[in-house]
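This is a predicted model, so every value here is computed, not measured. Here, residue 1 is the first one in the sequence, and each next residue gets the next number.
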Amino acid sequence: ISHLFQPSSLLIAFAHNRYGIEPLPGENEAFGESGLTLDELNKIYRALYDFICQLTINQLDECLSLETREKFITRFAQSENLVIPPSFITHLAKPNSRFTREIAIRIKSLPLIHLDKAGFNVCAWGLNWEQIDSLAHVAMGPAENGDQLVEIQNQSYISMNNSPGMSFHMRALEIMAGKSFMLTRYNKLDNEPITQHFAVDDEVVLFDGEEELSQKTEYYISHHAER
């Protein structure tokens, strides 16, 4: 249960024309100061999008802090033989940039894509899930806070705690308070680890990467008493 950014505000808008392009705060200014041409900007954005789509869940975690994002983009530019001015790398690494938004979307969606491909029955509640082609068939639309949200969580075998920035947040506490089972993604750059507040494997269950996600999903679906 989570909302996604509009595709027009992401890198995917430069890879697929059907979304349109929404200017983001500071983007036009950063582009003007960079000295890049519009063709060069389009090439950088499309290449970044294609590269991000190849990353695993754990590799995406490398982009969760400002410092690691700057290093990631610099390595990417070198590997792709692209010239990205330092000032524009700084812009791309900012929290609300097109690049950072795309990383957040991939972190939220990739576990669900993986489970769906593995044959699990996945449902995604919130805004804009239908905009992701591989998840459009599992998009359920927004859920109302309160009774509807609690009912969704209680009817689910597993709720996923997959926030890009931190694992200890209000939605996770709501799931636990409702006595629903929750799988939490391990994130080595977690700003507020849920494991600082709850015991691993007793009160919270973690998964680390796609393979362990499939294994633990299969295990806990088939072991109701432990769930």
Side-chain angles (χ1 to χ4, degrees), residues 1-5 9-12 24-26 30 44-45 47-80 84 86-115 124 126 129 132 135 158-176 182-217:
I1 301 172
S2 183
H3 297 315
L4 305 184
F5 294 112
S9 70
L10 306 173
L11 295 174
I12 194 174
L24 299 183
I44 289 169
Y45 277 167
L48 265 174
Y49 174 75
D50 290 341
F51 190 74
I52 289 172
C53 288
Q54 300 173 29
L55 301 181
T56 65
I57 298 171
N58 289 341
Q59 287 171 328
L60 289 166
D61 277 345
E62 295 182 26
C63 301
L64 288 178
S65 74
L66 177 62
E67 181 181 1
T68 56
R69 283 196 295 272
E70 289 183 341
K71 291 179 179 178
F72 176 93
I73 297 167
T74 300
R75 292 198 307 269
F76 157 78
Q78 293 169 346
S79 68
E80 299 293 318
I84 306 179
S87 64
F88 202 69
I89 290 178
T90 299
H91 164 72
L92 289 172
K94 288 182 178 179
N96 206 31
S97 74
R98 202 173 292 272
F99 168 77
T100 305
R101 289 180 175 211
E102 193 73 54
I103 291 293
I105 293 290
R106 289 294 293 176
I107 288 175
K108 287 185 177 184
S109 62
L110 194 55
L112 301 189
I113 292 172
H114 178 77
L115 290 177
W129 286 96
I132 299 177
L135 290 175
I158 295 173
S159 294
M160 185 173 296
N161 180 12
N162 188 31
S163 174
M166 63 181 68
S167 56
F168 184 71
H169 52 84
M170 184 58 68
R171 184 72 74 214
L173 295 177
E174 288 174 352
I175 294 170
M176 298 176 74
M182 180 176 71
L183 263 180
T184 296
R185 181 178 62 87
Y186 169 75
N187 169 16
K188 62 184 178 182
L189 296 177
D190 201 328
N191 292 327
E192 183 69 24
I194 199 167
T195 52
Q196 289 185 352
H197 307 274
F198 298 96
V200 177
D201 292 332
D202 182 16
E203 296 173 305
V204 294
V205 178
L206 307 181
F207 71 90
D208 186 5
E210 288 89 339
E211 183 176 352
E212 191 168 63
L213 171 61
S214 292
Q215 291 172 349
K216 291 193 173 181
T217 299

Exercise for the section: Taking atom types as modelled, find out whether His197 and Glu192 have a side-chain donor-acceptor pair closer than 3.5 angstrom. Expected result: yes

Fill in the blank from the handout: One should read off an interatomic distance between Leu213 CG and Leu115 CG, to the nearest 0.5 angstrom, of 4.0 Å

Practice task
Taking Lys216 for its side chain and Asp208 for its backbone only, find out whether a donor-acceptor pair lies under 3.5 Å.
Solution key: no

Handout entry: Nearest-0.5 Å distance that lies between atom CG in Leu48 and atom CG in Leu10
Key = 12.5 Å

Practice task
For residues Ile107 and Arg185, determine if any side-chain heavy atom of one lies less than 4.5 Å from a side-chain heavy atom of the other.
Solution key: yes

Problem - Check against side-chain contact (heavy atoms from CB on, under 4.5 Å), Ile132 and Lys108 - result: CA-CA 11 Å; Ile132 299 177; Lys108 287 185 177 184; over 6 Å; no

Handout entry: Side chains of Tyr186 and Glu212 in contact at under 4.5 Å (non-hydrogen atoms)
Key = no

Practice task
Flag yes if more than 12 heavy atoms outside Glu67 fall under 6.0 Å of its CD atom; otherwise flag no.
Solution key: no

Practice task
Compare all side-chain heavy atoms of Phe207 with those of Ser214 and state whether any distance is below 4.5 angstrom.
Solution key: no

Problem - Flag side-chain contact, heavy atom, 4.5 Å: Phe168 against Thr195 - result: no

Handout entry: Heavy atoms of other groups near Lys71 NZ, more than 12 under 6.0 Å
Key = no

Handout entry: Where Asn187 and Gly165 come nearest, the two heavy atoms and their spacing
Key = ND2-O, 4.1 Å

Handout entry: Donor-acceptor contact below 3.5 Å, side chain Glu203 vs main chain Ala199
Key = yes

Practice task
Look at the side chain of Trp129 and the backbone N and O of Ser109, then say whether any donor-acceptor pair between them is shorter than 3.5 Å.
Solution key: no

Practice task
Kindly write out the residues that satisfy ring pair (Phe, Tyr, Trp, His ring centres under 6.0 Å) with His114, not counting sequence neighbours, or none if the list is empty.
Solution key: none

Exercise for the section: Answer yes when Glu102 and Arg106 have at least one side-chain N-carboxylate O distance shorter than 4.0 Å, and no when they do not. Expected result: no

Fill in the blank from the handout: dist Met160:CE -> Ile1:CD1 (nearest 0.5 Å) comes out at 12.5 Å

Practice task
Please examine the side chains of Arg98 and Leu92, heavy atoms only from C-beta on, and report whether any two atoms are closer than 4.5 Å.
Solution key: no

Handout entry: Shortest non-hydrogen contact between Ser97 and Ala93, atoms and distance
Key = OG-N, 4.4 Å

Practice task
Examine distances only and state if a side-chain atom of Thr74 and a backbone atom of Glu70 form a donor-acceptor pair shorter than 3.5 Å.
Solution key: yes

Practice task
Check the pair Asn161 / Ile175 against side-chain contact (heavy atoms from CB on, under 4.5 Å), numbers first and verdict last.
Solution key: CA-CA 9 Å; Asn161 180 12; Ile175 294 170; 5.6 Å; no

Exercise for the section: Would you indicate whether the side-chain heavy atoms of Leu24 and Arg101 approach each other to under 4.5 Å? Expected result: yes

Problem - Ile84 and Ile73, any side-chain heavy atoms less than 4.5 Å apart - result: yes

Problem - Separation of Ile103 CD1 from Ile52 CD1 (nearest 0.5 Å) - result: 4.0 Å

Practice task
Step by step, work out the side-chain contact (heavy atoms from CB on, under 4.5 Å) result for Leu112 and Asn162.
Solution key: CA-CA 10 Å; Leu112 301 189; Asn162 188 31; over 6 Å; no

Practice task
For side chain to side chain donor-acceptor pair (under 3.5 Å), just list the numbers for Ser163 and Arg171, CA-CA rounded to whole Å, side-chain angles, deciding distance to a tenth of an Å, and then say yes or no.
Solution key: CA-CA 9 Å; Ser163 174; Arg171 184 72 74 214; over 6 Å; no

Problem - Minimum side-chain heavy-atom gap Ile12-Ile105 below 4.5 Å - result: no

Fill in the blank from the handout: Those residues at least two apart in sequence (or on a different chain) that pass ring pair (Phe, Tyr, Trp, His ring centres under 6.0 Å) with Phe72 are Phe51, Phe99

Practice task
I would like to know whether Asp190 and Ser167 meet side chain to side chain donor-acceptor pair (under 3.5 Å); could you show each step before the answer?
Solution key: CA-CA 7 Å; Asp190 201 328; Ser167 56; 2.6 Å; yes

